[in-house]
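Written out below as structure tokens is the structure these notes cover.
Within every chain, numbering begins at 1; the chains are lettered A, B, ... in the order of the sequence lines, protein sequences first and strands thereafter. Values reported hereafter were calculated over all heavy atoms of this structure, with side chains retained and with hydrogens, waters and symmetry mates removed.
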Protein chains: 2
Amino acid sequence: MVTAKSDNLSASLEDYLEAILNLASKSNFAHSKDIAKLLGVSMSSVTGASRVLKKKGLANYKPYNCVTLTESGRAAAAEIARKHNILKSFFVNVLGIETDIAQQTACKAEHTLGPEIIERLLCFIEFVTQSSKNGCDWADEFQKFCNKKNQNV
Amino acid sequence: MVTAKSDNLSASLEDYLEAILNLASKSNFAHSKDIAKLLGVSMSSVTGASRVLKKKGLANYKPYNCVTLTESGRAAAAEIARKHNILKSFFVNVLGIETDIAQQTACKAEHTLGPEIIERLLCFIEFVTQSSKNGCDWADEFQKFCNKKNQNV
DNA sequence: TGACAAAGTTAGGCGAAACTAACTATATTA
DNA sequence: TAATATAGTTAGTTTCGCCTAACTTTGTCA
């Protein structure tokens, strides 16, 4: 296994990791200021987190330089991002939740749901997608079901 | 509305509330020792939490006495327990997750999922239940889908 | 009824995560 | 190239949630 699962990360550190991954998607590095803005946190908090991530071998950090992810940092961040996307997709495409709420909730839930649930959710999304191709559109049927129910209230 | 939603509760306080509700379901009161055991926490932590819950008007607490919930404490706890049950039911009955894992995950996720998601999940459970009565057993089909997929791996 | 065990509390401390305010480094530009 | 604006850091503080160790209260039983 190459994917060095660096576990034992707090929800907060996972957020920093994910933020860096996203910001670095084009440029390969992330500015403290942008991380701070993205996470709604002060710059000094970013400095603190960067030091911790460095100590854990997940980020390359030198004072007054941009932050980059190490190999295992990238792997860990990618896992978190994957969880995030699966959750968001489930919320939007299966449950029919509004994008904004789906996004926000995915951010929180990605830290609390274990692999068993995540993999099953992924499976479930595939299942629904597949059956819609076979003419049985569950997501659509579900929406109708919801609408009918809401009318009765 | 009677349900005095006392929000702004930390995940931790919600856990205490839920624990007290569960322990008090028969006797109407909860011993510190039992709360501590249920939550895997020291008794002094329970004392601290009890004081906070009292200050928030959610629990009746007097040193060296059992803890009971106030009216609004009960309402808040019931809401949390409801979330918990909806989540657990979704995990077990729709996703087919093992009971233990479902239970544990529900404990964590109940603090992070907002009402929109929870209500939709409830709706979804009803939808699946209903359609299984009409001869279309989704949960079962999904299990088959999962099994087939796992075989291919 | 008095000694002892069990239950509960208090005091003090620790680590995580955030903040503000003051300082330092870097970059820009006149 | 020196002044200044922007970015980043450091120091010190706060809040939360938990812990251990020592103490107090309550309840039991010989």
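Residue pairs meeting the salt bridge (charged side-chain N to carboxylate O under 4.0 Å, His left out) criterion with at least one member in residues 84-99 of chain A: none, sequence neighbours excluded. Residue pairs meeting the salt bridge (charged side-chain N to carboxylate O under 4.0 Å, His left out) criterion with at least one member in residues 13-34 of chain A, sequence neighbours excluded, do not occur.
Residues from residues 33-44 of chain B placing a heavy atom under 4.0 Å of any atom in DNA chain C, listed by number, are B:Lys33, B:Met43, B:Ser44. Listed by residue number, there are no residues of residues 14-22 of chain B with a heavy-atom contact under 4.0 Å to DNA chain C.
Residue B:His31 has a polar side-chain atom (N or O) positioned under 4.0 Å from OP1 or OP2 of C:dG8. Distances shown here put every side-chain N or O of B:Arg51 at or beyond 4.0 Å from the OP1 or OP2 atom of C:dT9. For A:Ser12, no side-chain nitrogen or oxygen approaches OP1 or OP2 of C:dA16 to under 4.0 Å. B:Tyr64 has no side-chain polar atom (N or O) that falls below the 4.0 Å cut-off from OP1 or OP2 of C:dA6. The side chain of A:Thr47 places an N or O atom within less than 4.0 Å of a non-bridging phosphate oxygen (OP1 or OP2) of D:dT9.
The shortest non-hydrogen separation linking A:Leu13 to A:Lys56 is CD1-CE, 3.8 Å. Residues B:Gly96 and B:Gln143 approach most closely at CA-NE2, 3.5 Å, considering heavy atoms. Summarising the geometry of A:Lys54 relative to A:Tyr61, their closest heavy-atom pair is NZ-O, 3.1 Å, with the distance given to 0.1 Å.
Under the 3.5 Å distance criterion, with hydrogens and angles disregarded, no donor-acceptor pair is assigned to the side chains of A:Thr47 and A:Ser50. Counting only N and O atoms by type, the side chains of B:Ser10 and B:Ser12 include no donor and acceptor under 3.5 Å apart.
When the C1' atom of D:dC16 is taken as reference, atom CG of B:Leu9 falls 14 Å away, rounded to whole Å. In this structure, CG of B:Leu13 is placed 16 Å from P of D:dT15, rounded to the nearest angstrom. Atom C1' of nucleotide C:dA17 and atom NZ of A:Lys56 are separated by 14 Å, given to the nearest angstrom. Atoms CG (A:Asn65) and C1' (C:dA25) sit 11 Å apart, rounded to a whole Å.
A salt bridge is defined here as a Lys NZ or Arg NE, NH1 or NH2 lying under 4.0 Å from an Asp or Glu carboxylate O, and B:Glu71 with B:Arg74 meets this definition.
An end-to-end axis angle of 10° holds for the helix from C:dT1-D:dA30 to C:dA30-D:dT1, taken from five base pairs per end and rounded to 10°.
Take A:Phe29 and apply the ring-ring contact (aromatic ring centres under 6.0 Å, His included) test, not counting sequence neighbours, and it matches A:His31.
For an aromatic pair to be called close, the ring centres must be under 6.0 Å apart, and B:Phe124 with B:Phe91 fails this.
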- Message: Assess the residue pair A:Glu141 and A:Lys148 against the criterion (salt bridge (Lys or Arg N to Asp or Glu O under 4.0 Å)); give the C-alpha distance rounded to whole Å, side-chain angles, the decisive distance to 0.1 Å, and a yes or no.
- Response: CA-CA 11 Å; A:Glu141 273 194 56; A:Lys148 200 185 283 179; over 6 Å; no
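Nearest-nucleotide assignment on DNA chain C puts the 5′-proximal partner with B:Ala30, out of A:Ser10 and B:Ala30.
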